[in-house]
K.L.:
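After the structure tokens below, expect a handful of questions from me.
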Amino acid sequence: MKEISKILLDWYSANKRELPWRETTDPYRIWISEIILQQTRIVQGYEYFLKFIERFPNVQELAKADEDEVLKYWQGLGYYSRARNLHIAAKSIANRETFPVTYEEVRSLKGVGDYTAAAICSIAYGLPYAVVDGNVYRVISRLFGIDTPIDSGKGKKLFAELAQSIMCKYSPGIYNQAIMDFGAIQCTPQKPLCHQCPLAEKCYAYHYSKQNTLPVKQHHTKIKKRYFNYIDVHAGIYTFINKREKDDIWKNLYELPLIETTEEIDEATFYSLPEFQALIKTNEKPLLRCVCKGIKHILSHRIIYANFYEVILPEDTSSFSSYQRIKRIDLDSYPVSRLVNLYFEKK
Ligand code: SF4
């Protein structure tokens, strides 16, 4: 086991990527980087991290900020609950004298799971907690030939124990980063670089050609299709928006008035929808046109098919009265989903 960690540490010293969050032991910065990098590629997360840290350089600044602003800095990264939880956790930390220092305290922060707690504690404080993320599951399952599903209770326990047993106890922070980078660069999901791998001699998957079947997952994500029809109102210098407050995707982000349908519909059907008719006052005859049709927006568990309709009304319209009326020029200051932002950019 010791030898595996030594091989990984040697590989890391030759192959590690220079990244801004690697140059620090500040738990706040490590926390921010770890949350940003969940579900996000490093190239994309890099710029977000720099901008986020520039605006919110410490936990007090983040705690003081308005949630809308935090979400604005997160705009485009997706999985917005990460930003909402960061903000809630920052407020709880700001009431204390220091950033939490034990694994249990860090783990109890909103939005911090086993993985993030182990990453923060090992990298910032040198505490011996092994991280287990998608990269680690892949490396361990291939190396030891383990086909227990990684998304089963049994699998999670087994992989956590193995990860802990091969971890280098003297440099847990560096070791954790080494095994994650090894999974991301060397032992990749597709076409791992086995012919130039320092672990090849010890690797079960390499000897038995099982790279493509390991790791095993028991559940496959079911993709749901949703159909969104957005209404872009032009009422002189004004438009209308809405804050998504329900427990659904994009919670607390803003968007244009939306009518969701159970299937794709054409323009004529949209205009005759009772939900649309109910928004327009009977004495007003808006000019209507579909300006963007059939945009396909892919999320991890859903595919959104979106149409955007332009509706022109008088500046003092009383239609859309249940929505927030704002100046179009201010649209850019509200956090919106990448889908809505793409529409604004196209216009
Ligand atoms: S030999 Fe291939 S499958 Fe095995 S650890 Fe190395 S890169 Fe991964």
Side-chain angles (χ1 to χ4, degrees), residues 1-19 21-22 33-34 36-46 113-119 121-123 126 128-221 300:
M1 294 295 189
K2 258 188 197 159
E3 216 188 314
I4 292 172
S5 67
K6 166 112 182 40
I7 292 170
L8 286 169
L9 286 169
D10 288 347
W11 176 91
Y12 186 61
S13 71
N15 296 282
K16 79 178 220 185
R17 294 172 283 193
E18 300 296 333
L19 296 164
W21 49 85
R22 296 249 167 95
S33 71
E34 289 299 337
I36 286 179
L37 293 177
Q38 288 165 16
Q39 322 282 354
T40 303
R41 285 172 298 118
I42 281 190
V43 247
Q44 191 196 8
Y46 188 94
D114 293 342
Y115 163 78
T116 312
C121 291
S122 62
I123 300 169
Y129 290 93
V131 294
V132 187
D133 73 344
N135 291 311
V136 176
Y137 277 125
R138 191 165 56 254
V139 173
I140 290 181
S141 68
R142 287 174 175 171
L143 193 55
F144 299 112
I146 298 169
D147 59 4
T148 310
I150 60 172
D151 53 347
S152 63
K154 196 175 159 200
K156 283 186 179 137
K157 191 163 174 286
L158 177 63
F159 280 92
E161 285 167 3
L162 269 170
Q164 193 66 29
S165 71
I166 60 172
M167 182 186 68
C168 166
K169 310 279 185 300
Y170 305 106
S171 300
I174 296 175
Y175 168 82
N176 277 337
Q177 294 177 79
I179 190 167
M180 289 191 285
D181 262 16
F182 185 83
I185 298 170
Q186 182 83 30
C187 192
T188 50
Q190 315 296 331
K191 298 188 183 151
L193 308 173
C194 299
H195 292 294
Q196 28 179 297
C197 176
L199 286 175
E201 208 181 288
K202 300 175 179 300
C203 179
Y204 174 93
Y206 178 63
H207 287 298
Y208 295 97
S209 299
K210 296 282 186 192
Q211 294 94 327
N212 294 337
T213 53
L214 293 171
V216 172
K217 254 190 166 187
Q218 62 183 2
H219 294 122
H220 291 284
T221 313
S300 60

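In each ligand, atom 1 is the first atom listed, and ligand 1 is the first ligand listed. Because only heavy atoms are used, hydrogens play no part in the values below, and waters and symmetry mates are left out as well, while side chains stay in.
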K.L.:
Heavy-atom distance under 4.5 Å between the side chains of F159 and S141, does that happen here?
P.N.:
yes
K.L.:
Please list, in number order, the atoms of ligand 1 under 4.0 Å from a heavy atom of Q211.
P.N.:
3 (S)
K.L.:
Tell me which one of S209, A205, C203 gets a heavy atom nearest to atom 5 (S) of ligand 1.
P.N.:
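Selected option, by shortest heavy-atom distance: C203.
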K.L.:
Quick check on atom 6 (Fe) of ligand 1: does C194 put an N/O/S atom closer than 2.8 Å to it?
P.N.:
no
K.L.:
Considering non-hydrogen atoms of the protein only, which is the closest contact for atom 6 (Fe) of ligand 1, and what is the distance?
P.N.:
C197 SG, 2.4 Å
K.L.:
With a 3.5 Å distance limit and no angle check, can you tell me whether N176 reaches the backbone of V131 through a side-chain donor-acceptor pair?
P.N.:
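At least one qualifying donor-acceptor pair exists.
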K.L.:
Do Y115 and M180 have side chains that get closer than 4.5 Å, going by heavy atoms?
P.N.:
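With C-beta onward as the side chain, the pair touches.
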K.L.:
Would you give the length of the straight line joining atom OH of Y208 to atom CG of L214, rounded to the nearest 0.5 angstrom?
P.N.:
12.5 Å
K.L.:
For residues 191-202, dump all side-chain donor-acceptor pairs below 3.5 Å to protein atoms at least two apart in sequence or in another chain.
P.N.:
none

K.L.:
Which of the listed options, F144, F182, Y206, holds the heavy atom that is closest to atom 1 (S) of ligand 1?
P.N.:
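Closest candidate by heavy-atom distance is Y206.
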K.L.:
Where is the nearest protein heavy atom to atom 8 (Fe) of ligand 1: which residue, which atom, and how far?
P.N.:
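In this structure, atom 8 (Fe) of ligand 1 has C187 SG, 2.5 Å as its nearest protein heavy atom.
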